[in-house]
Amino acid sequence: MPYRPEGADQLAFLDALFDAGLLIETGVDGLYGRNGLFEDVIARFDELVTRFGRDGRPEVIRFPPGMSRSQFEASGYLKSFPQLAGTVHSFAGDEAGHRDLLADIADGRDWTGQQQATDIVLTPAACYPLYPTVARRGPLPAGGLLFDLQSYCFRHEPSLDPARMQMFRMREYVRIGTPAEVTEFRATWMERGKELMQALALPYELDVANDPFFGRAGRMLANNQRDQGLKFEMLVPITSSAKKTACLSFNYHQDHFGCLCGITTDAEETAHTTCVGFGLERVALALFRHHGTDVAAWPAAVRETLWGAP
Ligand code: AMP
Ligand code: ZN
């Protein structure tokens with residue numbers, strides 16, 4: 001086998017996706033348009049996730065891809081992942097300031113000095129706006145709650161790996177309740193995740209994982225997360241068989257969000273939370289990688305699963 005540097009597969013696949021028109025270049029790594037076929041595959045997978053989760057009768061909520069800055073500040077995200085966060089800023093100057101801004105742009109100077117933070121930040125994970133929302137409702141009912149979320153998310157991690165986007169969609173089921181309720185939910189979904197991958201004829205591997213916590217203190221957090229088995233990922237080879245890509249995540253936050261937001265159970269104990277995240281673009285990319293860019297030629301069973309007909 002000829003030597004292929006790690007990045008070669010990623011670039012070749014990204015180029016193939018551009019050539020097929022599935023992804024559309026914008027000039028920014030990790031920021032792409034999607035064509036109708038790509039969106040159809042995402043919509044069909046989204047629907048499959050709904051079918052797999054229907055028995056739990058989740059409450060469906062859709063938040064926009066921006067969330068409240070004050071809620072974001074309270075979430076602790078900036079402690080763990082300052083490098084990934086994206087904030088929305090807007091021009092806050094007067095007319096003279098506007099003239100300066102236009103001159104700066106015309107002369108190629110930095111023009112962002114007069115931009116000020118708005119009350120909105122970009123949502124980093126679909127579940128972040130949920131916890132304060134649930135807290136405002138008061139104590140949980142007996143048996144806890146289950147939510148179905150989906151949002152575009154932003155993470156500042158520019159990359160030539162098509163599976164590492166800066167703006168992508170995350171579908172989530174979020175279970176909030178007692179430790180026993182949420183851990184049982186997560187265990188059930190780890191099994192369902194395997195069934196999902198089998199239904200899509202994708203190779204997979206379920207493994208313990210950690211988040212990319214920032215800095216030296218972050219390494220300890222990451223080790224702790226792994227040691228306690230708080231994060232598992234469903235890995236699928238997409239752009240490298242050596243370094244597989246996390247397509248689904250199973251996160252147990254313990255009482256992190258319950259404490260931060262003040263969510264309590266009906267027994268007045270701090271609620272625990274868990275979320276199952278489905279990376280919609282990543283699953284679509286895995287399907288195109290393994291079954292080809294021509295969906296008419298996909299295995300009949302996979303077509304049946306997604307479109308209801310071979
Ligand atoms: P996480 O909150 O990091 O566990 O992410 C949840 C899911 O979102 C992951 O399992 C991935 O499928 C997906 N995801 C995370 N980061 C990215 C990214 N940069 N580009 C595309 N999908 C992502
Ligand atoms: Zn989540």
Side-chain angles (χ1 to χ4, degrees), residues 6-46 62-69 72 77-78 80-91 101 104-105 108-112 115-129 149-172 211-212 214 233 236 238-240 243-249 277-289 293:
E6 178 66 23
D9 264 353
Q10 299 179 350
L11 264 184
F13 188 40
L14 185 59
D15 279 339
L17 292 160
F18 289 153
D19 288 346
L22 289 160
L23 292 185
I24 296 142
E25 266 185 287
T26 68
V28 178
D29 295 337
L31 183 73
Y32 310 114
R34 290 97 165 119
N35 77 358
L37 178 59
F38 194 90
E39 286 300 295
D40 189 35
V41 169
I42 288 210
R44 295 300 172 159
F45 175 67
D46 208 20
R62 295 290 179 262
F63 290 103
M67 67 176 284
S68 144
R69 173 155 67 102
F72 176 77
Y77 193 84
L78 289 170
S80 299
F81 315 109
Q83 78 282 19
L84 299 178
T87 52
V88 177
H89 286 61
S90 200
F91 173 70
L101 177 146
D104 285 342
I105 289 178
R109 287 189 297 271
D110 175 38
W111 58 273
T112 58
Q115 298 292 104
Q116 282 187 10
T118 67
D119 290 336
I120 296 174
V121 299
L122 298 175
T123 304
C127 61
Y128 269 71
L149 308 175
Q150 200 241 80
S151 175
Y152 254 104
C153 298
F154 174 85
R155 292 185 186 176
H156 186 236
E157 43 186 1
S159 168
L160 287 172
D161 178 353
R164 186 170 295 284
M165 297 184 174
Q166 296 200 64
M167 288 187 148
F168 57 93
R169 270 158 295 178
M170 202 187 286
R171 175 81 182 270
E172 287 198 45
D211 288 311
F214 184 75
E233 288 176 339
V236 181
I238 299 182
T239 51
S240 158
K243 204 171 172 308
K244 300 184 174 71
T245 300
C247 288
L248 275 51
S249 302
F278 307 83
L280 298 185
E281 281 79 6
R282 283 190 177 175
V283 171
L285 290 171
L287 287 164
F288 286 115
R289 173 55 140 188
T293 52

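If you read the sequence from its start, that first residue is 1, and numbering goes on from there.
- Annotation for L122 and M167: closest pair CD1-CE, 4.0 Å, computed over non-hydrogen atoms.
- Separating the CG atom in D46 from the CD1 atom in I42 is a distance of 8.5 Å, to the nearest 0.5 Å.
- Within the 4.5 Å cutoff, the side chain of D110 has no heavy atoms near those of the D104 side chain.
- Residues forming a side-chain contact (heavy atoms from CB on, under 4.5 Å) with P82 (at least two apart in sequence, or on another chain): F214.
- For the atom pair CE (M170) and SG (C127), the distance works out to 7.5 Å, reported to the nearest 0.5 Å.
- Atom CG of residue D9 and atom OG1 of residue T239 lie 7.0 Å apart, to the nearest 0.5 angstrom.
- Note that CG of L31 and CZ of F154 are 9.0 Å apart. Values are rounded to the nearest 0.5 Å.
- Using a distance-only test at 3.5 Å, with no hydrogens or angles considered, no donor-acceptor pair links the side chain of T118 to the main chain of S90.
- The two residues L285 and P162 have their closest heavy-atom pair at CD1-O, 3.3 Å.
- The side-chain heavy atoms of Q83 and H156, taken from C-beta on, include no pair separated by under 4.5 Å.
- Between R155 and M165, the closest side-chain pair of non-hydrogen atoms is not below 4.5 Å.
- The two atoms that bring A163 and T245 nearest to each other are CB-CG2, 3.9 Å, heavy atoms only.
- Put simply, CG on L17 and CZ on F288 are 8.0 Å apart, with the number rounded to the nearest 0.5 Å.
- Put simply, the side chain of S240 does not reach to within 4.5 Å of the side chain of D161, judged on heavy atoms.
- Applying the salt bridge (charged side-chain N to carboxylate O under 4.0 Å, His left out) test to every pair with at least one member in residues 20-40, sequence neighbours left out, gives these pairs: R34-E281, E39-R169, D40-R44.
- By the neighbour-count criterion of 12 heavy atoms within 6.0 Å, atom CG of D119 is sparsely surrounded, having that number or fewer from other residues, nucleotides or ligands.
- The structure places SG of C153 at 10.5 Å from OH of Y128, a figure rounded to the nearest 0.5 Å.
- Between F72 and Y77, the ring planes are tilted. Angles from 30° to 60° get that label.
- Side-chain contact check for P212 versus L84: some heavy-atom pair is nearer than 4.5 Å.
- Looking at R289, its side chain does come within 3.5 Å of a backbone N or O of I238 through a donor-acceptor pair.
- Without hydrogens or angle criteria, E172 side chain to A126 main chain gives a donor-acceptor distance under 3.5 Å.
- In plain terms, the two heavy atoms of L101 and Q115 that are nearest each other are CD1-OE1, 4.2 Å.
- Contact of the Y32 side chain with the L14 side chain is registered, since non-hydrogen atoms from C-beta on lie closer than 4.5 Å.
- Taking the side chain as every heavy atom from C-beta outward, V283 and L248 approach each other to under 4.5 Å.
- Between N35 and G21, the shortest heavy-atom contact is ND2-O, 3.0 Å.
- Under the 4.5 Å side-chain criterion, counting only non-hydrogen atoms from C-beta, T123 is not in contact with F63.
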